[in-house]
Every structure is written in C-alpha cells, then in structure tokens.
Amino acid sequence: MPSISLTRHLIEEQRSGHVTPDLRLLLEVVARACKRISVAVGKGALGDVLGEAAAAGGGDSINVQGEAQKKLDVISNEILLEANAWGGHLAACASEEMEHCQQIPDAFPRGNYLLVFDPLDGSSNIDINASVGTIFSVLRCPEGVSAAQDQDFLQAGHTQVAAGYCLYGPSTMLVLTIGHGTHAFTLDREQGSFVLTTGHMRIPAQTREFAINMSNQRHWEAPTQAYVGDLLAGRDGPRGQDFNMRWVAAMVGDVHRILTRGGIFIYPWDRKDPAKPGKLRLMYEANPMAMLVEQAGGAATNGRERILDIAPTSLHQRVPVFLGSKDEVEIATRYHLQHDSKAA
Ligand code: FDP
C-alpha cells in the first residue's frame with residue numbers, strides 16, 4: 001500500500017470538491033511553516049531557542065495576553081507570518097502573540113481567507129523538553145472586505161473552513177480537518193513530508209480518563225466541583241467506576257491523546273481572576289480544537305453551550321472548555337445546566 005502524503009491527500013480532497021485550490025495551497029504553506037517550527041523546537045539547547053524572549057528595552061518580553069514570551073513563541077510567530085505573507089491566499093493573519101490582526105503586505109496579492117493561529121501552544125513545556133504545538137484555524141474573509149480588520153475575524157467557530165494543529169512531540173504530527181473528518185499525518189523526517197497515518201480519527205463516545213489542572217480545584221464553581229468530585233469518587237461514587245487522570249499541560253498534547261484514545265479535557269472558569277471567563281482563547285485554541293474533535297465524533301462545550309456556536313466579541317476572548325468523548329462532555333455539561341436551572 002503506497003503511503004499518502006499530505007499533498008496527495010489535499011489534491012484528492014480538491015478533486016472531491018471538499019477544498020478549493022487556494023485553501024489547499026494555504027494549508028500546504030501552513031504545513032511547511034510547521035516543519036520549520038519543528039526543526040527550531042528540535043534544536044533545543046543547541047539552537048539558542050530556549051528561555052524567555054528579551055524586550056526591545058531590556059527585561060522579558062510580555063505578549064498581549066500579559067504572559068512572558070518565550071524565544072520559541074516569537075520565532076514560531078515570525079515563521080508563520082513570513083511563510084504566509086506572499087502566497088496570495090490570505091487577506092490577513094491573527095496570532096495569539098499579536099494585539100491586532102496583520103494584513104498581508106501591499107507588495108503581495110491578497111486572497112480570500114483569514115488565518116488564525118497560536119504559534120506555540122503549551123510554551124511552559126518548552127524548557128523541560130516536553131510536547132508543544134501550533135494550533136491554527138482558517139476562516140473566509142467577509143465578502144467585499146479588501147483590508148481585513150479585527151472585527152472581520154469575529155465569526156462563530158462553525159464557519160471555520162479548516163482547522164488543525166501540529167504536535168511537536170517524540171514525532172511531529174499534523175492533525176487536520178477541512179470539515180470532512182479529522183486526519184493525522186506524521187512527519188517523515190528523512191523525506192521531509194507529512195504522511196497520512198490515521199484517516200478519519202474517531203473518539204470513543206465513552207471514557208474513563210479526564211484531564212484538568214487539579215491545583216485550581218478550590219477556585220472552581222459549584223457544578224465543576226460536583227462533576228469532578230463524582231469522577232474522583234470512582235467506583236464508590238455515583239458514576240460507579242474509577243477514572244484515571246492525565247495532564248500534559250499543553251492543550252495540543254492533551255487533545256491529541258483524546259483524539260487517539262478518548263477522554264475529556266477541561267479548562268473551566270475559575271475564581272482566581274473572576275474577570276476572565278476562562279484561561280483558553282476562543283479563536284486560537286477552543287474553536288479549532290472543537291472543530292477537530294466534533295469532526296472525530298466528539299463534543300465541545302463551554303460547560304453550557306456548544307463552543308462552535310459562540311459568537312466571538314473580541315479577538316483574544318477567553319472561554320471555559322470541556323471537550324472530548326461525546327457522552328462524557330454531555331454529562332459534564334448537564335451538571336452545569338442543572339445547576340443553573342436550580343439557581344434560576
Ligand atoms: P501555556 O500557558 O503553557 O501556553 O494555552 C495555554 C496553555 O498552555 C494550554 O496549552 C494548557 O492546556 C494550559 O495553558 C496549561 O495551563 P496550566 O498553567 O493551568 O497548566
């Protein structure tokens with residue numbers, strides 16, 4: 001059986017009418033940028049890529065989220081911006097690392113798509129040589145818009161035309177959806193190409209594995225406490241079975257495990273900073289992951305409603321996330337909705 005490269009897969013999807021030539025080429029460019037990021041990540045301590053990025057005036061560089069930027073955050077952001085500037089498929093890019101979207105420079109033709117990315121997710125894993133990743137989402141540029149602004153990106157997740165991530169782990173993997181299933185490609189380092197290794201990933205509907213940062217437990221709201229408490233009670237509790245816990249601390253790694261063998265990933269609202277509706281970003285993390293998970297038969301909510309139906313109000317909006325095995329996400333969501341209806 002000949003191996004199927006990402007290029008061949010996308011050409012076949014184009015022949016089936018699932019992807020336009022422009023979107024196909026755009027996805028190839030993103031994949032190529034991810035290969036370059038994979039090389040930079042792989043250099044580790046030998047490549048002067050570890051540690052914090054320096055600010056222009058000295059000290060550590062802080063991004064728009066108020067977080068210290070790692071050198072690899074900055075390098076990955078630049079690789080994605082540079083790779084996507086000249087292809088002619090994009091109108092603008094928005095990155096978790098930049099306050100506002102960036103239009104394609106006037107020197108290059110502009111296309112009909114908008115690219116959204118988190119260049120290096122899980123960056124606290126960089127310096128410990130653990131998995132990190134790039135997450136991306138593609139939207140259509142609204143009709144008639146020639147110079148896209150931030151508000152043109154504010155489209156609900158169900159309008160995404162493609163979403164994916166690249167996981168930089170023991171192997172580099174690209175996981176992609178264009179709305180016709182979720183497919184995983186592994187980077188063949190000798191050939192330099194992504195090869196299809198799992199087509200049509202399926203998340204089992206039921207699971208006995210959950211992922212959450214338990215150190216925040218005391219800050220959670222009552223229904224999250226009740227739900228996780230019942231998981232922890234195991235076979236003696238209302239669920240009548242034991243649950244295992246895993247936490248990679250990079251969303252890409254946790255979601256990849258769930259796409260591979262099921263589970264539920266939770267980053268709930270908490271009281272640590274009541275002004276923030278969650279830690280994870282709707283446009284850069286929750287929407288693309290929700291599309292990938294739904295396309296693999298799973299579910300994704302904010303504890304109350306489907307993530308892909310949330311109308312974004314700002315580029316860097318945060319959101320609580322419950323995603324993974326469909327039945328388990330429904331159970332977790334029910335705890336929150338029942339709590340709300342009792343309180344009403
Ligand atoms: P990080 O801050 O290291 O970039 O997107 C943020 C994220 O990582 C997710 O990848 C990860 O799931 C989560 O934050 C980890 O947060 P904790 O600090 O609570 O572990």
Side-chain angles (χ1 to χ4, degrees), residues 34 37 40-41 49-53 60-77 80 94-98 116-137 157 163-169 173 175 209-221 224 228 245-260 263-274 276-290 292-293 300 302-303 307 315-324 329:
C34 289
I37 297 173
V41 169
V49 293
L50 303 185
E52 315 288 324
D60 290 344
S61 171
I62 304 293
N63 71 5
V64 55
Q65 318 289 340
E67 299 157 347
Q69 278 184 309
K70 302 277 186 187
K71 281 186 195 163
L72 269 171
D73 284 325
V74 176
I75 294 168
S76 307
N77 196 50
L80 279 156
S95 162
E96 193 191 279
E97 299 296 328
M98 306 185 309
V116 179
F117 52 82
D118 176 358
L120 209 66
D121 176 68
S123 46
S124 43
N125 275 359
I126 292 170
D127 294 341
I128 59 162
N129 195 21
S131 294
V132 289
T134 297
I135 310 174
F136 59 91
S137 151
Y165 62 78
C166 191
L167 172 67
Y168 313 111
M173 293 192 73
V175 177
E209 201 161 71
F210 68 103
I212 193 165
N213 184 343
M214 285 297 298
S215 70
N216 293 325
Q217 181 171 19
R218 67 191 184 287
H219 305 295
W220 300 337
E221 59 174 325
T224 313
V228 178
M245 202 197 86
R246 281 285 179 276
W247 182 246
V248 176
M251 189 190 193
V252 177
D254 283 305
V255 170
H256 190 71
R257 183 188 60 256
I258 286 168
L259 281 165
T260 307
I264 181 169
F265 169 89
I266 309 165
Y267 215 112
W269 175 86
D270 69 43
R271 252 177 230 99
K272 259 192 308 188
D273 187 348
K276 284 189 189 162
K279 175 171 184 186
L280 302 180
R281 271 54 49 139
L282 176 63
M283 306 291 295
Y284 308 104
E285 294 161 320
N287 272 344
M289 292 308 203
L292 288 160
V293 162
N302 65 357
I307 295 232
L315 211 47
H316 295 284
Q317 180 172 346
R318 295 173 191 254
V319 68
V321 173
F322 295 69
L323 62 75
V329 173

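Start at 1 and go down the list; that is how both ligands and their atoms are numbered. When a residue number appears, it is its place in the shown sequence, counting from 1. Computed from a prediction, not measured in an experiment: that's the story for all the values here.
Pro288 approaches Ile135 most closely through the heavy-atom pair CG-CG2, 3.6 Å. Residues Ala286 and Val321 approach most closely at CB-CG2, 3.9 Å, considering heavy atoms.
The ligand atoms of ligand 1 that sit less than 4.0 angstrom from a heavy atom of Tyr267 are 16 (O), 17 (P), 19 (O). In summary, the atoms of ligand 1 found under 4.0 Å from a heavy atom of Glu285, numbered by their order in the structure, are 5 (O), 6 (C). Residue-ligand proximity, Ser123 to ligand 1, at heavy-atom distances under 4.0 Å covers atoms 1 (P), 3 (O), 4 (O). Counting atoms of ligand 1 from 1 in the listed order, those under 4.0 Å from a heavy atom of Asn213 are 17 (P), 19 (O), 20 (O).
Backbone and side-chain nitrogen or oxygen atoms of Asn216 are examined, and none is located within less than 3.5 angstrom of a nitrogen or oxygen of ligand 1. In terms of polar-atom proximity, defined here as any N/O pair under 3.5 Å, Lys279 does make such a contact with ligand 1. Considering backbone and side-chain N/O of Glu96, none are found under 3.5 Å from N/O of ligand 1. In terms of polar-atom proximity, defined here as any N/O pair under 3.5 Å, Leu120 makes no such contact with ligand 1. No N or O atom of Phe265 sits closer than 3.5 Å to an N or O atom of ligand 1. Checking only distances, Asn125 never comes within under 3.5 Å of ligand 1, N or O to N or O.
The nearest protein atom to atom 12 (O) of ligand 1, hydrogens excluded, is given as Met251 N, 3.3 Å; this is a heavy-atom distance. Nearest non-hydrogen protein atom to atom 3 (O) of ligand 1 is Ser124 OG, 2.6 Å.
Under the 3.5 Å distance criterion, the side-chain polar atoms of His219 are left unmatched by any main-chain donor or acceptor of Trp269. Checked by atom type and distance alone, the side chain of Asn125 pairs as donor or acceptor with a backbone atom of Ser131 at under 3.5 Å. The main-chain N or O of Val248 is found under 3.5 Å from a side-chain atom of Asp254 such that the two form a donor-acceptor pair. No donor-acceptor pair under 3.5 Å is formed between the side chain of Thr134 and the backbone N or O of Tyr165. Looking only at distances, a side-chain donor or acceptor of Arg318 sits under 3.5 Å from a matching main-chain atom of Lys279. Between the Arg271 side chain and the Trp220 main chain, a donor and an acceptor come within less than 3.5 Å of each other.
Considering each of Ala211, Gly253, Gly122, the one bringing a non-hydrogen atom nearest atom 8 (O) of ligand 1 is Gly122.
Counting heavy atoms under 4.0 Å from ligand 1, residue Leu280 touches it through the side chain alone.
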* Please report the C-alpha distance between Lys71 and Glu52 in whole Å, then the side-chain angles of each, then the deciding distance to 0.1 Å, and finally whether the salt bridge (Lys or Arg N to Asp or Glu O under 4.0 Å) criterion is met. => CA-CA 5 Å; Lys71 281 186 195 163; Glu52 315 288 324; over 6 Å; no
